[in-house]
Amino acid sequence: MNDSQAVKGALVGVRILDFSRIWAGPHATKLLADMGAEVIKVEAIRAWDPHRMIVGSGNLPDGERGDDPWNRSGWFNTLHMSKYGITAEMRHPKGKAIIEDLVSVSDVVIENFRAGLMERRGLGYEVMRSIRPDIIMVSMPAFGSVGPWKDFIQYGIGQEQLGGIASMNGYRGEEAPVKSGVNFGDPISGAHAAGAVLSALWRRRRTGEGCFIDVSQLESAIMTIGEHLLGYQMTGRRAENRGNRHPVYAPHGAYRCSGEDAWVTIVIADDAEWARLCAVMGKPQLAEHPDYADVLSRRRNHDALDALLSEWTRDKSATDATQILQGAGVSAAPVMTGEMIFNDPHYQERELLEFVEHPSCGPYFMPGAAWKMSATPPGVRWHAPRLGEHNAQIFGELLGMAPDAIAELEAEGVSGTAPQAS
C-alpha cells in the first residue's frame, strides 16, 4: 500500500503481520516500522493489546480516561507509531479467513503468545507456510517454543529474576535482589527479534526460502550477563551486589548535587583521569597520595573517595558539574529525568523527539528512532492506531473486500473499533 506520509525507509516494501502484545514483540515491530516496514497490528475487540488499558500514573494524557481510554494509553502509543491497526477475531471462521488472506500477502508474521497458541488456533508456522511458502515467522514466548518451561507464563517483570540480572542488582553489602525498573527482557528480546527478521529477510533474498524464528525472551535477558556466567566458571563465586560501584573503576558512582534529588555520575577509568579529577577539585596532591595513587588503592578507600567527591559536587548543579568535569576530560553525566531529556538542547538538536498528532490524545512529542541513516532516514509516519482504525483500509484496499462485507464483519462481532467483553 502507498501512504502520503511514507518515508524512504530501508524496509519500504516489507509487510509484517503483527500479533504481538505488551512490549517485547511490539518493540521489535516498532524498530522495523521506524525503518519503513508496513506493519499491520492485529487485535480483536475481545482480546486487544493489554497495554491499551494500562492506566497507571503518566500513561493517560492529563490522567483523564476520556471517552475512549483504550486509545489513550501513553505506553501503547509510544510503541505503535507508524503501524496500521486492525481487529479480526481469529477464533471466528471469517476472522481466521481474513488472517489467512493477510498471511498470503505478508513477508513476516510475529507473535509473542504463550507457546503453541497459534498452533491451537490453526495458524501455526506449517499452516502459514502452506499459505505462503517463503513466509518468515517469529515466535517469542517467554521461555521459547521448546523445553520443560515452554508452557509457563512469564512477563518481563519476572525475567530479570530468572535471567540472573536481579541477583547482582542490589545495594552494596546486602543480599536482597533489586529489580532494575526497566524489565530488560522485553526491549532486549525485541531488538533480538528485529535483528533476526533482518537476517531472515536477507537469507530469503539469497535463497528464496522463509524460516521459523524461535526467540526466547528469557534467553535474551541472560545474554546481558555473559561475563558473570564466565566469572562463575572461573572462580566459583557469584557476582556481588555493588550498588553504584564498579568491579574495576574507582571512583565510580552517583553524587548528590544542589537542587532536589539532583545527582551527577562520575566514572574514573584510569590514573590519568583520576589526576584530572583531582586538579578540577582543587586537590592535585591527591593524585599522588598513597591511598589513591592507583586503582587498587582507590577501590580499597572508595568510602573516603565518595565523601571527597560529594563535598565537591554538593553545591553545584548536576549540569554545571558535568560541564566542568567533561571540560577537563573526566567522564561525567547528570542523572537525567524525563523532564530534563525533554528540555535538553542536545536531544533537541538531534531531533530525538518527534511531534505526533493523535486524534484521541492531542499533540505530543514521542521518542523517534535511535539512529540516523543518510539515504533512508527512519522516522515517525503517523500516530499509533486506534483500535481497529485501519479496518476499512486494510480489508478494502489490500484484501479487496466490499464495504458491505466489512460492515458485516463488524455486525457479527468479528471486527470493530471498540472493545467488547470476552
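Just the heavy atoms: all of them, side chains too, but no hydrogens, waters or symmetry mates, feed the values below.
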Can you tell whether the side chains of Asp271 and Arg298 come within less than 4.0 Å, N to carboxylate O?
yes
More than 12 heavy atoms of other groups within 6.0 Å of Tyr232 OH
no
With a cut-off of 3.5 Å and sequence neighbours excluded, list every side-chain donor-acceptor pair involving residues 367-375.
from, atom 1, to, atom 2, distance (Å)
Lys372, NZ, Arg350, O, 2.7

Would you find more than 12 non-hydrogen atoms of other residues, nucleotides or ligands less than 6.0 Å from Glu351 atom CD?
no
What residue pairs, at least two apart or across chains, pass salt bridge (charged side-chain N to carboxylate O under 4.0 Å, His left out) with a residue in residues 241-267?
Arg245-Asp303, Arg245-Asp306
Find the distance between CD (Glu38) and OG (Ser82) and round it off to the nearest 0.5 Å.
12.0 Å
Is His80 reaching over with its side chain to a backbone N or O of Phe76, donor-acceptor style, under 3.5 angstrom?
yes
May I have the list of side-chain donor-acceptor pairs in residues 135-149 shorter than 3.5 Å, sequence neighbours left out?
from, atom 1, to, atom 2, distance (Å)
Ser139, OG, Glu111, OE2, 2.6
Ser145, OG, Asp214, OD1, 3.4

Working to the nearest 0.5 Å, report the span between OG of Ser73 and CG of Asp49.
8.5 Å
Keeping to residues at least two apart or across chains, list the salt bridge (charged side-chain N to carboxylate O under 4.0 Å, His left out) pairs with something in residues 311-335.
none
So with a 6.0 Å cut-off around CZ of Phe395, is the heavy-atom count from everything else above 12?
yes
Within a reach of under 6.0 Å around CZ of Arg120, are more than 12 heavy atoms found that belong to other residues, nucleotides or ligands?
yes
Can a donor-acceptor pair be found, under 3.5 Å and without considering hydrogens, that links the side chain of Asp18 to the backbone of Ser20?
yes
Sole residue of Val197, Ile16, Ile40, Leu17 in side-chain contact (heavy atoms from CB on, under 4.5 Å) with Thr29:
Ile16
Could you tell me whether the side chain of His390 and the main chain of Ile86 form a donor-acceptor pair under 3.5 Å?
no
Closer than 3.5 angstrom, by distance alone: can the side chain of Ser360 be matched with the main-chain N or O of Arg72 as a donor-acceptor pair?
no
Listed by chain and number, what are the side chain to side chain donor-acceptor pair (under 3.5 Å) partners of Glu126, not counting sequence neighbours?
Arg129
Enclosure of Glu357 CD (heavy-atom neighbours >12, cutoff 6.0 Å):
yes
Of all pairs that satisfy side-chain hydrogen bond (donor to acceptor under 3.5 Å, both in side chains), the ones with a partner from residues 331-348, not counting sequence neighbours
Glu273-Ser331
